[in-house]
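The structure under discussion appears below in the form of structure tokens.
This one's a predicted model, so the numbers in the text were calculated from it and none came from an experiment. We name chains A, B, ... by the order of the sequence lines, and we start the count at 1 in each one.
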2 protein chains.
Amino acid sequence: MTTRRRDDDSGRTYGGESAAERLARQRRQFMDAGLELFGTVGYRATTVRMLCKQAGLIDRYFYKNFTDTEALLDAIYRESMDDIQARVIRALGAASPAEPGAMIEAALDAFFQALENSRVARICWLEVLGVSPRIDAAYHGRIQQFAGLILTLSRTLFPRWQVPDDEAEVLAIALIGAISQSAMHWLLTDYRTPRPVLVRASARVLAGVVGLPPDAAPR
Amino acid sequence: MTTRRRDDDSGRTYGGESAAERLARQRRQFMDAGLELFGTVGYRATTVRMLCKQAGLIDRYFYKNFTDTEALLDAIYRESMDDIQARVIRALGAASPAEPGAMIEAALDAFFQALENSRVARICWLEVLGVSPRIDAAYHGRIQQFAGLILTLSRTLFPRWQVPDDEAEVLAIALIGAISQSAMHWLLTDYRTPRPVLVRASARVLAGVVGLPPDAAPR
DNA sequence: GCTATTTGACGACGCTCGCCATCAGATTGT
DNA sequence: ACAATCTGATGGCGAGCGTCGTCAAATAGC
């Protein structure tokens with residue numbers, strides 16, 4: 001009975017921070033370190049020691065927050081994709097539903113703008129691939145989530161668009177792939193192509209698939 | 001002057017094989033072993049020891065043929081992609097240029113049929129990504145090569161298709177991405193979707209981008 | 001038949017990795 | 001002031017890696 005209560009919010013304040021605050025701060029430091037290292041030297045070339053040096057912490061606090069580097073990658077991937085997705089949805093909400101072309105353009109522009117952070121782009125489009133079954137599942141799930149978003153959006157924006165369900169599902173995946181590959185190519189060629197060109201080309205693919213006349217596409 | 005001539009085709013015959021034949025056979029054995037292991041357990045989980053056991057050879061002959069596992073992956077990737085590309089081109093040549101829709105369908109069917117080899121598909125679409133700058137460059141170069149093929153094909157098959165060059169380049173990349181992502185999704189969902197559905201959806205994307213009326217698309 | 005080469009089996013090296021233990025100094029609650 | 005806790009630094013442990021060397025058995029040229 002000498003232990004007061006240690007299990008729930010165990011730990012005292014230190015350096016003006018509660019135990020939970022310290023944990024959260026350490027977690028953020030490792031997230032930032034992972035974003036930097038995974039996004040530059042790459043995931044497989046990054047070690048726990050490097051992450052600790054980058055974060056300015058020691059490995060004990062790494063293992064307090066993550067089981068291994070894979071868990072850190074997973075967390076960074078989810079956070080980054082959540083952020084990108086939020087930006088796209090925000091852009092969608094700000095556009096007028098009366099003009100589908102403008103809506104698509106706004107969403108695509110927000111998307112490619114988010115990708116101009118090369119670390120995020122590299123992690124979410126290159127580094128996560130082929131790491132492990134767990135990460136693959138996270139990636140695959142995210143693709144399908146995005147595809148579902150595109151699918152319902154297309155069905156509501158273009159009710160006259162009629163294709164069988166199984167084919168529509170593949171089409172949504174294909175659209176994701178088209179935009180993804182453009183983004184990847186953009187990243188691998190050091191953002192040489194101006195962003196509006198990317199947006200216009202992606203909009204054309206989208207319009208072509210949903211059967212919109214080319215004139216309805218922006219520009 | 002005691003050495004006869006040893007540098008060019010040095011080595012004698014052994015087991016009924018010349019030195020060059022042995023080297024080629026060993027190389028093939030390692031290529032097959034790599035195809036099997038990279039395509040099942042994955043590239044990063046594969047070690048030189050595993051490759052040797054799978055090939056039924058010892059490491060000395062591995063290093064005679066490849067500098068490291070990365071070089072083996074590179075060779076396998078190039079060979080596999082060459083094979084896929086050859087199948088697609090063969091299908092294109094066998095189809096009638098008078099019916100662009102049928103040509104596209106034949107090419108896509110050959111492509112997805114080749115991808116039914118899951119080891120090849122996994123290596124070329126998952127394992128090669130994010131390995132190293134060298135492999136990334138090989139991947140990127142192959143994508144651009146394929147995009148160039150699509151671009152010239154589109155320009156010749158549909159001369160009335162008019163888009164600016166910079167946008168057309170992105171569109172070709174996007175088309176590759178659309179098909180790639182469909183293929184990847186197919187692989188990751190254990191080939192659940194029937195192949196014709198994949199072909200039809202991909203054809204629709206292609207037709208949509210080059211401005212073909214939906215009726216001209218197959219089916 | 002004798003010598004040189006090739007082959008497979010096996011072990012050892014140097015290195016780096018993830019992970020864990022220790023220990024002195026800093027900070028906190030009483 | 002003092003005991004308890006937290007922190008950073010350091011080093012070690014076992015495992016896995018690529019790579020190299022050794023050695024007996026198999027094969028080929030003379």
Say whether, by atom type as modelled, one donor and one acceptor occur between the side chain of A:Thr156 and the main chain of A:Leu153 under 3.5 angstrom.
-> yes
Expected output: side-chain B:Trp186 to main-chain B:Thr193 donor-acceptor under 3.5 Å | yes
Polar-atom pairs under 3.5 Å, protein N or O versus N or O of nucleotides 22-25 of chain D: list them with distances, or write none.
none

Go through the N and O atoms of the side chain of B:Arg12 and the base of C:dT6, and report whether any donor-acceptor pair is under 3.5 Å.
-> no
In whole angstrom, give the distance that lies between atom CG of A:Asp59 and atom P of C:dA21.
-> 12 Å
Any side-chain N or O of A:Thr69 less than 4.0 Å from the OP1 or OP2 oxygen of C:dG18?
-> no
Between the side chain of B:Asn117 and the main-chain N/O of B:Arg119, is any donor-acceptor distance below 3.5 Å?
-> yes
Rounded interatomic separation in angstrom, taking OH from A:Tyr61 and C1' from C:dC20 | 14 Å
Could you give the CG-to-P distance, from B:Leu23 to C:dT6, as a whole number of Å?
-> 12 Å
Which donor-acceptor pairs under 3.5 Å do side chains of residues 168-184 of chain B form with protein atoms, sequence neighbours excluded?
| residue | atom | partner | partner atom | Å |
| --- | --- | --- | --- | --- |
| B:Ser180 | OG | B:Trp125 | NE1 | 3.0 |
| B:Ser180 | OG | B:Ile176 | O | 3.2 |
| B:Ser182 | OG | B:Ala178 | O | 2.8 |

Ignoring hydrogens and geometry, is there a side-chain-to-backbone donor-acceptor pair from B:Arg25 to B:Ala20 under 3.5 Å?
-> no
Where along residues 25-50 of chain B does a heavy atom come under 4.0 Å from DNA chain D, residue by residue in number order?
-> B:Thr47, B:Val48, B:Arg49
